[in-house]
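Heads up: the structure comes next, in structure tokens.
If you read the sequence from its start, that first residue is 1, and numbering goes on from there.
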Amino acid sequence: MSNPIRVLVVDDHFVVRAGVCSLLKGVADIEVVGVAEDGWQAVEEAERCAPRVILMDLRLPELDGVEATRRILAAQPEVGVVVLTSVGADAQVLTAVRAGATGYLAKTSRKEEYLEAIRRVARGESWLPSHLTPLSLAHLKPRPAVEIMGLTGREYGVLELLARGRSNREIACELGISEMTVRTHVSHVLDKLGVHNRVEAALHALRAGLVPLEVS
């Protein structure tokens with residue numbers, strides 16, 4: 001068996017930290033290697049324990065989660081950051097995405113969603129929750145349909161599947177192309193849309209109506 005995914009849990013509430021750690025305890029391919037209760041501690045712990053994935057609360061004392069994410073990724077760009085959100089944090093989530101976070105989860109998500117988010121982000125992929133709120137998308141600058149349509153047919157198809165939460169492997173299987181080709185198409189999509197990562201591209205696709213928005 002390969003080495004487990006090293007996870008750092010960051011939240012200023014002890015109950016949340018303990019709850020997430022308990023949720024992940026005993027999962028064979030995931031290991032919690034550290035916890036932090038504020039942004040500065042998160043930066044220090046990330047350097048100390050070298051996590052592969054960080055579960056990052058945004059509303060932290062001393063240094064907020066967005067700035068902590070930015071500082072950690074500047075020093076350790078290989079780390080995947082999954083933002084943990086609570087009600088009303090939509091604008092901060094999008095700021096965190098632009099700072100480099102590649103996934104986000106509601107703190108109330110099911111265990112299966114936590115595990116899938118960690119595993120996907122550890123593979124260098126992105127993770128979007130199964131239901132995005134209209135408020136989240138309202139904070140995002142609209143991407144004109146003409147720009148979306150400026151993609152090639154294949155790039156359009158890749159973006160649609162990406163926005164539906166498909167991994168590179170799943171996109172490759174559905175389109176009958178290699179994972180390397182998928183990565184190339186994703187890179188072109190990001191460049192053409194002027195976005196920084198897969199999550200932001202997916203959010204723009206949802207905002208433009210390329211994929212129907214599911215509302216819980």
Reported CG-to-CD distance for the pair Leu23 and Glu112, which is rounded to 0.5 angstrom: 8.5 Å

Smallest separation among heavy atoms of Val186 and Val158, with atom names: CG2-CG1, 3.8 Å

Within 6.0 Å of CD in Glu174, more than 12 heavy atoms from elsewhere: yes

Nearest heavy-atom neighbours spanning Leu60 and Met56: CD1-SD, 3.9 Å

Shared hydrophobic cluster, Leu84 / Val43 (ILVMFWY, side-chain heavy atoms < 4.5 Å): no

Path from Ile5 to Trp127 over hydrophobic side-chain contacts below 4.5 Å: yes

Verdict with supporting geometry, Ile177 and His185, side-chain contact (heavy atoms from CB on, under 4.5 Å): CA-CA 11 Å; Ile177 56 181; His185 285 314; 4.0 Å; yes

Reported CD-to-CD distance for the pair Glu170 and Glu179, which is rounded to 0.5 angstrom: 10.0 Å

Hydrophobic cluster membership, Val66 vs Ile72, 4.5 Å side-chain cutoff: no

Could you list the donor-acceptor pairs under 3.5 angstrom formed by side chains in residues 7-16, with sequence neighbours left out?
from  : atom 1 : to     : atom 2 : distance (Å)
Asp11 : OD1    : His13  : N      : 2.9
Asp11 : OD2    : Lys107 : NZ     : 2.8

Interatomic distance, Glu67 atom CD to Trp40 atom CH2 [nearest 0.5 angstrom]: 7.5 Å

Where Leu105 and Ala117 come nearest, the two heavy atoms and their spacing: CD1-CB, 3.8 Å

Where Ile171 and Leu162 come nearest, the two heavy atoms and their spacing: CD1-N, 4.0 Å

Validation row: Leu24, Leu115 side chains within 4.5 angstrom (heavy atoms): yes

Evaluation steps, side-chain contact (heavy atoms from CB on, under 4.5 Å), between Val182 and Leu175: CA-CA 9 Å; Val182 171; Leu175 298 182; 5.7 Å; no

Minimum heavy-atom distance Ala122-Arg52, with the two atoms named: O-NH2, 2.9 Å

Cluster link Val79 to Val83, ILVMFWY, side chain under 4.5 Å: no

Over 12 foreign heavy atoms within 6.0 Å of CZ, Arg123: yes

Main-chain N/O of Gly65 paired with Thr69 side-chain donor or acceptor, under 3.5 Å: yes

pair Glu31-Asn3: side-chain heavy atoms closer than 4.5 Å: no

Approximate separation, where rounding is to 0.5 Å, of Lys111 NZ and Ser22 OG: 8.5 Å

Rounded distance [0.5 Å steps], CZ in Arg6 versus CD1 in Ile118: 14.0 Å

Minimum heavy-atom distance Ala96-Leu58, with the two atoms named: CB-CD2, 3.9 Å

Salt bridge present between Glu45 and Arg48 (N-O < 4.0 angstrom): yes

Side chain proximity check, Asp38 to Leu63, heavy atoms < 4.5 angstrom: no

Separation of Arg71 CZ from Glu44 CD (nearest 0.5 Å): 11.5 Å

Val33-Val121 co-clustered via ILVMFWY side chain contacts under 4.5 Å: no

Check: Ala46 main-chain N/O paired with Gln76 side-chain donor or acceptor under 3.5 Å: yes

